[in-house]
Every structure is written in structure tokens, then in C-alpha cells.
Chemist: 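Sharing a structure, written as C-alpha cells. Questions coming.
Start at 1 with the first residue, then count along the sequence.
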Amino acid sequence: MGYGLVTFPTHMSLLEYFPDMFEITTSVILTAGGLGMMTLPVAAEELRLTYGWRGAMLVMGGFSLHALVSCALFRPRGQRTVAESDSGHLGTSYRSLVEEERSHSQQNVSSMTCGEFSCLDAARALMNIELFQRHPASVIVIFASFLTGLTYSSWIIFVIPNALSKGIPAGKAVTLATIGGASNILGRLLAGFFSQAKVVPDHFTYAFIHVCAAVAFFLNIVVDSFSLLAVLSVVNGFTCGAGVVLNPLLPKVIVPDSFFVSAISLAYLNFGIGEGIGGLIMGAVFDSTGSYNLAFAVAGLVDLSCGLLVLISVSVFRCFNEQRTTKDN
């Protein structure tokens, strides 16, 4: 619950403070999160051996409280200097967010004053029906986030059991997870810088990494040696990490800045739902067939479908918008 509540405001603060470097800062902060996920289990075990589980939980709670100190050092927007708050120094994303926030604040005040706020208004605020009405292609991106969550959790949960089922010793099987984790961190770090460089559109990169992940899942069927499984772990780990970064960046390709907050929040929501369901589905496939190969093949089909869906739909959407803009001019 705590992690879920922290995720969204963390990334929105990046958009507020670094509007022109949102891609890079997103990549950096998600890379730091990946490093924490790798180091915390080791630290937790050492703390448990030294202080017992109660002491270990107390120290790790202290780790979390450091976030309060970090947040206390943030300078609110109202305390910025004139140069910082001048519109010429702010990116379009930030200006649009300010305008949208003022508009929503006025609407909320008016609604609450008149006593007209209802459960239906709350549902509309959460789902932002206007987003889907004006930008129907956003449905594709949000659904793609759900599919990304499905395969992300599938690989993380079953990488070790899959290796064990192929006769790999437990020690080496755990090493595969470590290799994949290191590659995951590298994928997170590079994805944002690659996106910021604008070498290719983000939806092309998104499609490419999903196709690569699909190939790795499919090859698992014919791979049994540790060395080749390590290669697949590198590919899967890297693509999973890059996908986590591109997941919040992809909505920027589809929707204007005024709808970006709604789109990214729904993308995160569906990614989380996908993570929860992904392990359940792949586990059910294994329970039915007794084979991780088939479960990984299903994950590969999901990744392949996700990549092609985003590539085709977003390309068509952008072409349609360009043609409509040309006609209007």
C-alpha cells in the first residue's frame, strides 16, 4: 500500500521540477529503485542475523523515514525565484499542469460549494472520461501497460523455478536472477537517456524491446544449458527494465500535456494490475501443463502482441493526426 501511494507522486514531482528532462530523471529514479530492490534483501538478512527480525524491521523502517527528510528539502513551487517561475524558463508540460490544476481546483470548489459532488463525479475524476473521448488511442497505451505488467511479473517470479526444472543446480539458478537483475538496472538506466535523445520515437523503442522479450521467452523452449539461459536472462532483464521506464513515457506520445497526468496514472494502475494477474496466469498454465516452457511461450505471445499493438496503433494515430493538422492548415 505504501509503495503504491508513493509511486505516482514521486514521478509527478519529476515532471514538476524537471519538465525538460523528464525522461532522464525518470530513468535515473527507477534505476535507483532497482538498485534498492537488489541490495535490500542482502541488507535485511545481515540485519536479521545481527539484531534479530524485530531489530531488522526497526532499522529498515528508519531507512524509509529518510524519505521524509528528502521531501522536507523540496522547495514548493510558490517559493521559487522569479527566474525559475518565469514562463520562459518552464517547459510546456509544467505550464500545462499548472493551468490544468487551476482549472480543476476551480471546478472542485464550485462543485463542493453547490453541494453537487457525487460518487459519479468521483468516478469521472478517477477515470477521466474526457481523456478517452478526445484521445481514444490512449486506451491502447493503457492496455499495453497492463500487458507489460503481465510479462514483467511472469519472468521475475518464474526465472528460478524454470531453471530448476531444466536441471540447473539451485546455486546457479539463483545466479540467473542476479544476472537478470543487473541487466534490469542497466535497461532502466539507458532507456530514459535513449528516449531523451529522440533517436527514434518512443513507441518504436517500446515495440522493439517487447519483440526482443518475446524472442527470449520463445527460445526458452529449446535452451537447457546454464550459459544460454544466462544470455536469455540478460535479454529478459534488460527489456523488463527498459519497459518499466518506457511505460510512463509512452503516454506522452499519445496525449497532449493537459491529459498526461491522467494517462500516466492510469498506465501505472494497469501496470500494477497486470503484475498481480501475470504470476497467477503463468502459474495456472504451469499447473495445467506441468511445463514452464509453455508458460513462457504464453508470456512471449503476450509480449509480441503488446509490441505490435503499440507499434501499429500509435503509428496510425500519429499519421492520422498529421494529416488532420495538414488539412486544418
Chemist: Can we call the ring centroids of F22 and F260 under 6.0 Å apart?
Modeler: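 Between F22 and F260, the centre distance is under 6.0 Å.
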
Chemist: Could you tell me whether F226 atom CZ has more than 12 heavy atoms of other residues or ligands within 6.0 Å of it?
Modeler: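 Atom CZ in F226 is crowded, with more than 12 foreign heavy atoms closer than 6.0 Å.
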
Chemist: Could you walk me through whether L232 and L219 satisfy the side-chain contact (heavy atoms from CB on, under 4.5 Å) test, starting with their C-alpha distance in whole Å, then the side-chain angles of each, then the deciding distance to 0.1 Å, before giving a yes or no?
Modeler: CA-CA 8 Å; L232 297 185; L219 288 177; 4.1 Å; yes

Chemist: Only one of W155, F296, F158 clears ring-ring contact (aromatic ring centres under 6.0 Å, His included) with F217; which?
Modeler: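 Exactly one candidate clears the test, F296.
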
Chemist: We want to know whether Y17 and T25 form a side-chain donor-acceptor pair, criterion being a heavy-atom distance below 3.5 angstrom.
Modeler: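 No - no donor-acceptor pair under 3.5 Å links their side chains.
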
Chemist: Is a side-chain donor-acceptor pair under 3.5 Å present for N247 with T148?
Modeler: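 No, N247 and T148 have no side-chain donor paired with an acceptor closer than 3.5 Å.
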
Chemist: Roughly how far, to the nearest 0.5 Å, is NE2 of H210 from OG1 of T205?
Modeler: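 Nearest 0.5 Å value for the OG1-NE2 distance: 11.0 Å.
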
Chemist: In the structure I gave you, are the side-chain heavy atoms of L250 and V310 within less than 4.5 Å of one another anywhere?
Modeler: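 A side-chain contact under 4.5 Å exists here.
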
Chemist: Are N270 and F143 side-chain neighbours, meaning at least one heavy-atom pair lies under 4.5 Å?
Modeler: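 Of all side-chain heavy-atom pairs linking F143 with N270, none is under 4.5 Å.
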
Chemist: Tell me which pairs pass salt bridge (charged side-chain N to carboxylate O under 4.0 Å, His left out) where either residue lies in residues 204-227, with sequence neighbours left out.
Modeler: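 Applying salt bridge (charged side-chain N to carboxylate O under 4.0 Å, His left out) to every pair that reaches into residues 204-227, excluding sequence neighbours, yields K166-D224.
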
Chemist: Does F18 share a hydrophobic cluster with L15, counting links as ILVMFWY side-chain heavy atoms below 4.5 Å and allowing steps through other members?
Modeler: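 Yes, F18 connects to L15 through the hydrophobic network.
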
Chemist: Could you tell me which non-hydrogen atom of L311 sits nearest to which non-hydrogen atom of H203, and how far apart they are?
Modeler: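 Smallest interatomic distance, heavy atoms only, reads O-CD2, 4.2 Å.
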
Chemist: Hey, quick one: are L190 and L246 part of the same hydrophobic cluster, counting side-chain heavy atoms closer than 4.5 Å, chains of contacts allowed?
Modeler: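 Per the 4.5 Å side-chain linkage, L190 and L246 are not co-clustered.
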
Chemist: Identify the two heavy atoms, one from A44 and one from A56, that lie closest to each other, and give their separation to 0.1 Å.
Modeler: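 Here A44 and A56 meet closest at O-CB, 4.2 Å.
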
Chemist: Return the set of residues passing ring pair (Phe, Tyr, Trp, His ring centres under 6.0 Å) with F238 (not counting sequence neighbours), or none when no residue passes.
Modeler: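 Checked F238 against ring pair (Phe, Tyr, Trp, His ring centres under 6.0 Å); zero matches.
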
Chemist: Quick check: does any side chain N or O of T31 sit under 3.5 Å from a backbone N or O of S27, one acting as donor and the other as acceptor?
Modeler: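 Checking the backbone N and O of S27 against the side chain of T31, a donor-acceptor pair under 3.5 Å is found.
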
Chemist: At what distance, to the nearest 0.5 angstrom, does CG of L301 lie from CZ of F218?
Modeler: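 Atom-to-atom, L301:CG and F218:CZ are 4.0 Å apart.
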
Chemist: As an exercise, state the distance from CG of L14 to CG of L30, rounded to the nearest 0.5 Å.
Modeler: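 Between atom CG of L14 and atom CG of L30 there are 8.5 Å.
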
Chemist: If every non-hydrogen atom of G278 is compared with every non-hydrogen atom of S154, which pair is closest and at what distance?
Modeler: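 Looking at all heavy atoms of both residues, the shortest contact is O-OG, 3.6 Å.
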
Chemist: Can you see which heavy atom on A144 is nearest to which on C306, and at what distance?
Modeler: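 Where A144 meets C306 most closely, the heavy atoms are O-SG, 3.6 Å.
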
Chemist: State yes or no: are the ring centers of Y152 and F271 separated by less than 6.0 Å?
Modeler: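 Between Y152 and F271, the centre distance is under 6.0 Å.
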
Chemist: Got a second to check how far N236's CG is from I179's CD1, nearest 0.5 Å?
Modeler: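 So the gap between those two atoms works out to 12.5 Å.
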
Chemist: Are V261 and L266 joined in one hydrophobic group, where the rule is that I, L, V, M, F, W and Y side chains link up if heavy atoms are under 4.5 Å apart?
Modeler: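 V261 and L266: one cluster.
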
Chemist: Answer yes or no: is there a donor N or O on one side and an acceptor on the other, between the side chain of S265 and the main chain of S262, under 3.5 Å?
Modeler: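 At least one qualifying donor-acceptor pair exists.
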
Chemist: Check the pair L229 / N162 against side-chain contact (heavy atoms from CB on, under 4.5 Å), numbers first and verdict last.
Modeler: CA-CA 10 Å; L229 284 174; N162 173 67; 4.3 Å; yes

Chemist: Could you tell me the separation between the CZ atom of R48 and the CE atom of M57, rounded to the nearest 0.5 Å?
Modeler: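 If I round to the nearest 0.5 Å, the distance is 12.5 Å.
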
Chemist: Testing the basics here: between S153 and E275, what is the closest heavy-atom pair and its distance to 0.1 Å?
Modeler: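 Shortest heavy-atom contact: OG-O, 3.0 Å.
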
Chemist: Quick one: sort the Y292 and F286 rings into parallel, tilted or perpendicular, breaks at 30° and 60°.
Modeler: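 It falls in the parallel class, under 30°.
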
Chemist: Drop me the distance from I142's CD1 to L147's CG, to the nearest 0.5 angstrom.
Modeler: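 It is 12.5 Å, given to the nearest 0.5 Å.
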
Chemist: Grab the two heavy atoms, one from I160 and one from A173, that are nearest each other, plus how far apart they are.
Modeler: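 Shortest heavy-atom separation between I160 and A173 comes out as CG1-O, 3.7 Å.
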
Chemist: Do other residues, nucleotides or ligands put more than 12 heavy atoms under 6.0 Å from M60 CE?
Modeler: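 Enclosed.
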
Chemist: List, by chain and then residue number, the residues other than L65 in its hydrophobic cluster (Ile/Leu/Val/Met/Phe/Trp/Tyr, side-chain heavy atoms under 4.5 Å); write none if there are no others.
Modeler: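 Reading the cluster by chain and number, L65 sits alongside L68.
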
